[in-house]
Protein chains: 2
Amino acid sequence: MQAKKRVSIADIARQLNISVTTVSFILNGKAREMRISDALIKKVETLIQQTNYQPNALAKSFRTGKTNTIGLLIEDISNPFFAQIARQIEDNAYKRGYRIFYASTENSIEKAREMIQLFADRHVDGYIITAPAGIEAEIKTLIEMKRPVVLFDRYFKGLQTSYVGVDNYTGTYDAVIHLLENGSRNIAFVTTDSAQSQMKDRLAGYKKALQEYGATAYVKKIPFDGQEGKEVTRHITAYLHSKSKVDAVFFATNYLLLRGLEALAVLGKKVGEEMRVVSFDDHEFFALFNPAITAVAQPVPEIASQLINLLLQELEQPDIQEKQFIQLPATLHVRASSVKKTHNAHVNN
Amino acid sequence: MQAKKRVSIADIARQLNISVTTVSFILNGKAREMRISDALIKKVETLIQQTNYQPNALAKSFRTGKTNTIGLLIEDISNPFFAQIARQIEDNAYKRGYRIFYASTENSIEKAREMIQLFADRHVDGYIITAPAGIEAEIKTLIEMKRPVVLFDRYFKGLQTSYVGVDNYTGTYDAVIHLLENGSRNIAFVTTDSAQSQMKDRLAGYKKALQEYGATAYVKKIPFDGQEGKEVTRHITAYLHSKSKVDAVFFATNYLLLRGLEALAVLGKKVGEEMRVVSFDDHEFFALFNPAITAVAQPVPEIASQLINLLLQELEQPDIQEKQFIQLPATLHVRASSVKKTHNAHVNN
DNA sequence: CTGAAAGCGCTTACAG
DNA sequence: CTGAAAGCGCTTACAG
């Protein structure tokens with residue numbers, strides 16, 4: 001298979017008439033520690049250059065049990081939010097000598113379970129996970145086995161883990177307050193029926209804001225199982241049709257916004273005029289919609305860098321047992337869709 | 001580190017008073033071939049269940065040189081097109097027992113080179129690569145070393161490789177014909193100055209269509225190096241401002257469309273009325289723009305499945321030397337932005 | 001300061 | 001039909 005036989009530590013040692021031990025020490029920067037003579041170090045380093053010696057990472061991993069690999073388990077890599085996070089994690093990880101195995105769970109507990117098992121088989125050094133509901137037990141096992149794990153996007157109450165995510169509660173609260181301040185009093189909240197923490201926190205933020213204004217809650221939970229897009233649009237259409245007083249909608253995810261806009265088109269409701277709209281999770285394209293869509297933006301770079309920082313910290317200092325729970329602030333990007341009396345401008349950012 | 005010591009083949013053999021050879025054969029489905037007795041097979045299988053034996057993938061990979069890992073080198077995982085491809089490749093690969101290492105190149109030749117090296121270090125079994133310009137030599141080396149490689153999105157003339165991509169030439173040709181048929185005669189083509197094949201093919205398709213109608217070419221090549229978005233917008237604005245006869249624009253990528261829409265907004269040109277617009281690469285959100293954007297869609301699932309098929313074929317039949325060059329048809333999704341006399345409808349798909 | 005050797009967990013050619 | 005043993009390329013405790 002190999003074009004040429006790769007040169008090994010043994011080859012180097014043989015050519016120099018020294019032991020593999022010495023070569024290995026030099027390779028691993030333990031030369032000083034082992035008080036190997038400078039002359040010998042030079043000789044070895046020169047030969048390594050000349051022969052283009054490449055350590056066999058497989059042998060090394062096998063021997064040490066460390067693979068310099070991180071298992072990244074996300075809901076769906078083709079979702080722009082997760083794709084961006086993945087991108088940044090990748091960058092950070094590579095810079096620090098780690099590679100990424102990734103897999104999408106599609107929020108399926110079976111798939112997540114299988115992937116965690118696969119990652120374990122491959123001896124990943126640590127895990128970054130967006131956990132589907134119901135996977136607590138497996139996460140718990142990993143932690144009990146002292147595997148470094150950082151959750152993100154959603155967490156489990158009562159499970160002591162490191163976690164990084166946006167402050168869903170406050171982010172939603174602020175957005176709903178914004179709608180209330182703009183005069184809406186009948187604000188619908190369109191969400192999924194998922195029991196995941198991030199969805200619950202968004203709902204809680206919405207309710208809290210309403211409560212402060214004494215406004216009525218209109219909550220529509222869309223069944224979460226693999227619903228077709230059209231089906232979701234139909235659900236939203238029917239709901240908004242039945243609640244004729246509703247004058248604003250907060251969509252708890254990007255995806256629901258998409259369907260919601262379709263629903264509003266079906267109902268002939270003009271976004272921004274007859275119906276104010278806000279979405280959770282911003283998107284580069286939202287500024288180009290007409291009207292431009294107001295959205296709660298997650299701090300993607302911060303989330304990604306905190307994730308990898310926490311994980312590497314756990315990796316490199318396995319003794320420190322303190323789990324960190326990090327919530328980062330969201331930012332409300334106000335655009336035409338949520339502001340009173342807006343007429344369809346062109347681009348509005 | 002390990003919570004408990006993992007059970008090994010040797011443990012199994014010892015407990016049953018047989019040799020590791022026998023256990024290994026049974027584990028690898030060579031029991032029949034080696035004519036091991038059914039009774040023994042049963043005994044071994046039972047013990048494997050009981051002890052929850054998990055083969056050490058690291059040891060196996062080290063020994064066999066096979067890692068069941070694919071290196072996926074893409075331009076940018078956070079680009080929706082690539083993210084979708086990655087998603088589908090992941091699905092296919094996992095089903096067939098392979099894991100993915102991925103990395104984004106950002107079209108940097110240095111980064112690509114480094115990543116190929118890293119993948120090689122990790123002994124990936126095969127490569128799927130969106131190649132930045134100038135990386136031919138490295139790709140050639142991989143092929144000479146008999147490493148399975150499949151390129152996608154762009155290829156190199158004169159480099160014999162397996163390749164999967166959309167038919168950029170015809171896809172663009174059809175879209176420009178569509179604009180011509182709708183009455184546009186001064187159609188601009190906004191592209192990058194990249195020398196990559198897919199960009200060249202798109203340009204060629206544009207020119208061919210113009211030629212058939214005897215129309216004038218208006219080609220604007222935006223410098224490709226890490227330009228800020230605002231800078232790109234400015235380039236496009238200036239160009240379109242200077243070419244007042246232009247009544248339609250084909251944007252050679254999604255990203256350029258985005259900037260182009262901003263430019264048109266700056267110029268106060270109404271998309272679909274004063275200026276017809278088409279983009280290469282469709283996006284779920286384009287149907288929700290106002291007006292909805294006409295786009296050339298790539299067949300993402302087909303591209304992904306062909307990619308993984310080709311690669312696994314090369315992996316599993318390393319002797320077959322025939323490289324396959326696969327071009328898949330694009331689909332033009334006609335929406336309001338490119339059709340004559342459209343007034344801003346709501347949703348139009 | 002440096003070396004000889006064991007061992008990580010597998011696979012497989014060889015032998016009987 | 002099954003086993004004893006070598007060897008993949010490393011790291012590292014032990015010895016001197």
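Because only heavy atoms are used, hydrogens play no part in the values below, and waters and symmetry mates are left out as well, while side chains stay in. Throughout, a chain's letter reflects where its sequence line sits, starting with A, and its residues are numbered from 1. None of the values given here were measured: they were computed from a predicted structure.
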Does a side chain donor of either B:R122 or A:T69 reach within less than 3.5 Å of an acceptor in the other side chain?
yes
Aromatic ring centroids of B:F152 and B:Y163 under 6.0 Å?
no
Would you say B:K60 and B:N28 are linked by a side-chain donor-acceptor pair, where the criterion is simply a distance under 3.5 Å?
yes
Check the phosphate of C:dT11 against B:K60, side-chain N and O only, distance under 4.0 Å to OP1 or OP2. Yes or no?
yes
OP1 or OP2 of D:dC10 sitting under 4.0 Å from any side-chain N/O of A:S24?
no
Contact nearer the 5' end of DNA chain D, comparing A:F25 with B:F25
B:F25
Spell out, as yes or no, whether a donor-acceptor pair under 3.5 Å connects the side chain of B:N79 to the backbone of B:F81.
yes
Watson-Crick or G-U wobble partner for D:dA13, using a 3.5 Å limit on both distances?
none
May I ask you to evaluate whether B:Y53 reaches the phosphate of C:dC10, defined as a side-chain N or O under 4.0 Å from OP1 or OP2?
yes
Any A:N56 side-chain N or O less than 4.0 Å from OP1/OP2 of D:dC8:
no
OP1 or OP2 of C:dC8 under 4.0 Å from side-chain N/O of A:T64:
no
Does B:K30 have a side-chain nitrogen or oxygen under 4.0 Å from the phosphate oxygens OP1 or OP2 of C:dT12?
yes
When you check the phosphate oxygens OP1 and OP2 of D:dT2, does a side-chain N or O of B:S37 lie under 4.0 Å from one of them?
yes
Could you tell me the Watson-Crick or G-U partner of C:dA4, where both distances fall under 3.5 Å? Say none if there is no partner.
none
The nucleotide from C:dA13, C:dT11, D:dC10 with an atom nearest the side chain of B:V20 is C:dT11
Has B:S19 got a side-chain N or O lying under 4.0 Å from the OP1 or OP2 atom of D:dG3?
yes
Answer yes or no for this row: B:F62 ring on D:dC8 base, centroids under 5.5 Å, planes under 30°.
yes
Looking at A:K111 and B:D91, does any basic side-chain N land under 4.0 Å from a carboxylate oxygen?
yes
OP1 or OP2 of D:dC10 less than 4.0 angstrom from a side-chain nitrogen or oxygen of A:R63, does that happen here?
no
At under 4.0 Å between heavy atoms, what does B:T22 touch on the DNA or RNA strands: base, sugar-phosphate, or nothing?
sugar-phosphate
